[in-house]
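As structure tokens, the structure follows; a few thoughts come after it.
The first residue of the sequence shown is numbered 1, and numbering continues consecutively from there. The model shown is predicted, which means the values in this text are computed figures rather than measured ones. The figures here come from the full heavy-atom set of this structure, side chains too, leaving out hydrogens, waters and symmetry mates.
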Amino acid sequence: MSRTLTLLAAAGFALIATAASAQMLKTADTAAGKTYVDAKGMTLYTFDKDAGGKSMCNGPCATNWPPLAAAADAKPAGDMTIVTRDDGSKMWAYKGKPLYTFAKDTKPGDTTGDGFLNGAWHIAKP
């Protein structure tokens, strides 16, 4: 019985650790310096027009700047929060700033969105 409880506890810990790590941001070195990246290694960005935990990038904007999607059952952890978009979907935010990738970044390490739209888009940096 003790061995069964130990195995169950270990399995539960592994599930909790996996869920927590899914919410943690990864970093990568780019030509623009250290940046936060998504699970595919693509650079993450913030948008100056976002405020108060709300994404202002919807419709065609979200086509060019795909939001970093959060699962419906995702839970905030530490500096990672969740924003509900105008369409009801959820996205991740870091310290209240929604996070996006840029459609014109074609490979990990690209930072072509930095400074876009008269400087309104910025690389998300640690």
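Side-chain atoms of P108 and K40, non-hydrogen and from C-beta on, never get closer than 4.5 Å to each other. Looking at heavy atoms from C-beta onward, L44 lies out of side-chain contact with T35 at the 4.5 angstrom threshold. Contact check for D105 versus M42: side-chain heavy atoms found under the 4.5 Å cut-off. Contact annotation: the side chain of T46 approaches that of L99 to within less than 4.5 Å [non-hydrogen atoms, C-beta and beyond].
Checked against the 6.0 Å centroid criterion, the rings of F102 and W121 do not qualify as a close aromatic pair.
The closest donor-acceptor contact from the side chain of D114 to the backbone of I123 lies under 3.5 Å. The closest donor-acceptor contact from the side chain of D110 to the backbone of K107 lies under 3.5 Å. A donor-acceptor pair under 3.5 Å is absent between the side-chain atoms of T27 and the main chain of K34, judged by distance alone. Listed for the K97 side chain is a donor-acceptor partner under 3.5 Å among the backbone atoms of F47. Side chain of R85 to backbone of C57: a donor-acceptor contact under 3.5 angstrom is found. In terms of modelled atom types and a separation under 3.5 Å, the side chain of D79 and the main chain of Y94 share no donor-acceptor contact.
G53 and V83 make their closest contact through O-CG1, 3.3 Å (heavy atoms, listed as atom of the first residue, atom of the second, distance). Nearest heavy-atom pair, Y45 versus T112, reported as atom, atom and distance to 0.1 Å: OH-N, 3.5 Å. Considering every non-hydrogen atom in both P67 and A62, the closest pair reads CD-O, 4.1 Å. Pairing each heavy atom of A93 with each of G96, the nearest pair is CB-C, 3.9 Å. Nearest approach of A28 to V37, heavy atoms of both residues: CB-CG1, 3.7 Å. Between A32 and K125, the closest heavy-atom pair is O-NZ, 3.4 Å.
Using modelled atom types, one finds a donor on one side chain and an acceptor on the other under 3.5 Å when comparing D50 with Y100. Side-chain contact, T84 with K90: a donor N or O sits under 3.5 Å from an acceptor N or O.
Between K54 and D86, at least one side-chain N (NZ, or NE/NH1/NH2) sits under 4.0 Å from a carboxylate O, which counts as a salt bridge.
Within the model, atoms CZ of F116 and NE2 of H122 stand 13.0 Å from one another, a figure rounded to the nearest 0.5 Å. Atom CG of N58 and atom OG of S55 lie 5.0 Å apart (nearest 0.5 Å).
Within 6.0 Å of the CG atom in N118, the count of heavy atoms belonging to other residues, nucleotides or ligands does not exceed 12.
Hydrophobic cluster membership differs between M91 and I82, with clusters built from Ile, Leu, Val, Met, Phe, Trp and Tyr side chains linked at under 4.5 angstrom.
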